[in-house]
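Everything below concerns the one structure shown next.
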Amino acid sequence: MDTSSLQRRDIASRAPVDAADPYEHLHVEDFAAPFADGRVGWREMVTVAGRTILSLDGPWRFVLDLHDEGLRQRWYAHDDTPVIAWAIPRDYDDGAWQTAPVPSCWNMQQPEWMYFEGSAWYTRVFDRPHGPPGERVFLRVGAANYEARVFLNGDFVGAHRGGSTPFFIELTGRLKDGANRLQIQVDNRRRPDQVPMNHTDWFNYGGLYREVGLVCVPAVFIRDFGVALAPGSGGARIAVDVTLSEACDIDAHVEIEGLAAHRLRIVGGFGRIEFEAAPELWSPRRPRLYEVRLKAGDDEVRDRVGFRDIRVAGEQILLNGEDIFLRGICVHEDDHAAGKTTSEADIRRRFEDARALGANFIRLAHYPHHERVAEIADEVGLLLWQEIPVYWAIDFANPDTFADADNQLREMIRRDRNRASVIIWGIGNENADTDARFAFMRGLAAAAREADATRLVSAACLINRERFRIEDRLAAVLDVIGLNEYFGWYEPLEGLAALFANSAPGKPVVISETGADALAGHRGPAGELFTEEHQAAVLTAQLDAVAATPYVRGIAPWILYDFRTERRQTHLQRGWNRKGLIAADKRTRKLAFATVAARYTALSAGHDGDASVLEPPLHPAKGVAT
Ligand code: GCB
């Protein structure tokens, strides 16, 4: 059959299968092309602060689609005629025989789905929400790894790429009275031009692994808003900016509990105001949050916001004007039973363990974590580094890869920019120092600052191993130099002192990773790799070296919990990275946990200010910190 005359855009819109040539799909290979055009990104996001989300979580009909038949055969265009009435056979009936829960990672649902990488289809029916006239309805997907294509009542309505940030697709005007059929095709294939690319040191979970729901808003609604201390105001002024869905001119009203109430003029859909206010500042010891209400036209949003100042001065990091040392720990969003799907309890346990370690700082590796993480960190007083997965050998020369990374960065910032706990945006991890990478990263640093002028920008930089010093062109565009170094594990420990002595970064350095694998329970001499003793000895030496190096203003050992990764296949690893201070059961603490905890506890007295104040509780049951 001659398929050359097929127009790309036609493929998505042609008539239901029964009417089409039944063999046509066998010969079309650009079947995914029509769906690239409808991509949504950061501009289409809708703030959900204080809004009710109508949950679509629960069991969805589900099938794996190894050969992409769903797009080829246009499964989304099928009507719901029962098999008994079919005129010609089909290969799909909404997965009526099988379900998967949303949110979840399909890998964790059935043993035979564990290593599946490819497309899968989720289908469910929901009733159209009934709100006031003019109400608009958006689908919100918390995260889908990696690419998602969405179909409503047989029509393609939008797509998204990037596996760790939320996306929104407007359904207004497309909803029928009564039942509506929603289908989401999720594709988790690893590809060299994606962000991350195909090679990473974590497990590639697939699916709708964060919550899915509907958000209903008025015809003109608040799309985005920011509330923060005005940069450079010394904590004496607050700035509020508002972006509406439409380019209209109206008044908005902002109220900050006990502090201020102001009218703010919106022109062409955008408004900004700065006013005097002297809030009690947010810090890890006193994570004070204020209720914020913002009204514009018929819309209203609410949030709980902390006010704090973070900046660098020379080689110091200043929190509210005071030098701070980041006693950190890295953490992946990974669970031996739930994969990448997380829960309130899991997040609070993570924070409890970090607190028991004496940490005041967490690096969320290597992608944006669930939005509840930063919300809870705001409440309990933990500082966060949050990043996008610009990891290792990204296709830096590819403009489309840049567009993907830039969008993920802006989506992460839009989602979390009102979270005081987030102090650092991470834009990359261990990328080779090429011209293409430098241009790419310069672009990302500029994007981060344009989207948010109130935080620090960092990345895990490189070491020049010939001159043995911290040397990376990228350092010039960062506020804080992140450094992943594994002296004592991948290379001899002796190099560390030389590296620190040879380097003169002129900016604060944070050791964004260091550590050693240890299988829990594997004991032996400190000289033997993979023993708990060896891991503890490496981290002791690292903490000693850091303590003797004034420009190192923080350290985040790799990592809180062991995590799943197929790259690691010795008999001591068996598919797990064993650098956790705690085993994958999230209970068994290795020797190194106590080693780091002892150091951090000693350090904390001098570094967190106001040590007389008790740390806020981690569980709301015991009282939410204000
Ligand atoms: C790194 C990577 C991290 C790995 C870690 C390791 O430098 O950034 O993703 O998991 O090393 O264990 O080797």
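Order of appearance sets the numbers: ligands from 1, and atoms from 1 within every ligand.
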For Phe563, the ligand 1 atoms with a heavy-atom partner under 4.0 Å come out as 10 (O)

Which ligand 1 atoms, with their elements, are less than 4.0 angstrom from a heavy-atom of Arg568?
6 (C), 12 (O), 13 (O)

Within the structure provided, determine whether Lys590 and Glu533 are in side-chain contact (heavy-atom separation under 4.5 Å).
no

Are there more than 12 heavy atoms of other residues, nucleotides or ligands under 6.0 Å from atom CZ of Arg587?
no

Atoms of ligand 1 less than 4.0 Å from His366 heavy atoms?
3 (C), 8 (O), 9 (O)

When you measure from the centre of the six-membered ring of Tyr561, is the NZ or CZ of Lys586 under 6.0 Å away and within 45° of the axis?
yes

Which protein heavy atom lies closest to atom 7 (O) of ligand 1, and at what distance to 0.1 Å?
Glu430 OE2, 2.2 Å

For His160 together with Trp42, are the ring centres under 6.0 Å from each other?
no

Protein contact to atom 4 (C) of ligand 1 [nearest heavy atom, distance to 0.1 Å]:
Asp201 OD2, 3.2 Å

Indicate every side-chain donor-acceptor pair of residues 591-599 with a distance under 3.5 Å to a residue at least two apart or in another chain.
from, atom 1, to, atom 2, distance (Å)
Thr595, OG1, Leu591, O, 3.2
Arg599, NH1, Asp544, OD1, 2.9
Arg599, NH2, Asp544, OD1, 2.6

Looking at Phe438, I'd like to know if the NZ or CZ of Arg442 sits under 6.0 Å from its six-membered ring centre while staying within 45 degrees of the ring's axis.
yes

Distance filter under 4.0 Å to Tyr486 heavy atoms, resulting ligand 1 atoms:
1 (C), 5 (C), 6 (C), 7 (O), 11 (O)

of all protein heavy atoms, closest to atom 2 (C) of ligand 1 is Glu513 OE1, 3.1 Å

When you measure from the centre of the six-membered ring of Phe563, is the NZ or CZ of Lys579 closer than 6.0 Å and no more than 45° off the axis?
no

Side chain or backbone of Thr565 under 4.0 Å from ligand 1, or both, or neither, by non-hydrogen atoms?
neither

Any N/O pair Trp558/ligand 1 closer than 3.5 Å:
yes

Could you tell me the residue and atom name of the protein heavy atom closest to atom 13 (O) of ligand 1, and the distance to it rounded to 0.1 Å?
Tyr490 OH, 2.5 Å

Using heavy atoms and a threshold below 4.0 Å, how should the contact between Asp517 and ligand 1 be classified: side chain, backbone, both, or neither?
neither

Tell me, please: is Tyr391 in heavy-atom contact with ligand 1, that is, under 4.0 Å?
yes

Checking Arg311, Arg449, Lys507 against Asp479 for salt bridge (charged side-chain N to carboxylate O under 4.0 Å, His left out), the one that qualifies is Arg449

Which of the atoms in ligand 1, numbered in the order shown and given with their element, are less than 4.0 Å from a heavy-atom of Asn484?
7 (O), 8 (O)

List the steps and the verdict of side-chain contact (heavy atoms from CB on, under 4.5 Å) for Glu211 and His370.
CA-CA 10 Å; Glu211 295 77 4; His370 195 287; 2.8 Å; yes

Per-atom contacts of ligand 1 with Lys579, taking only distances under 4.0 Å to non-hydrogen atoms
6 (C), 12 (O), 13 (O)

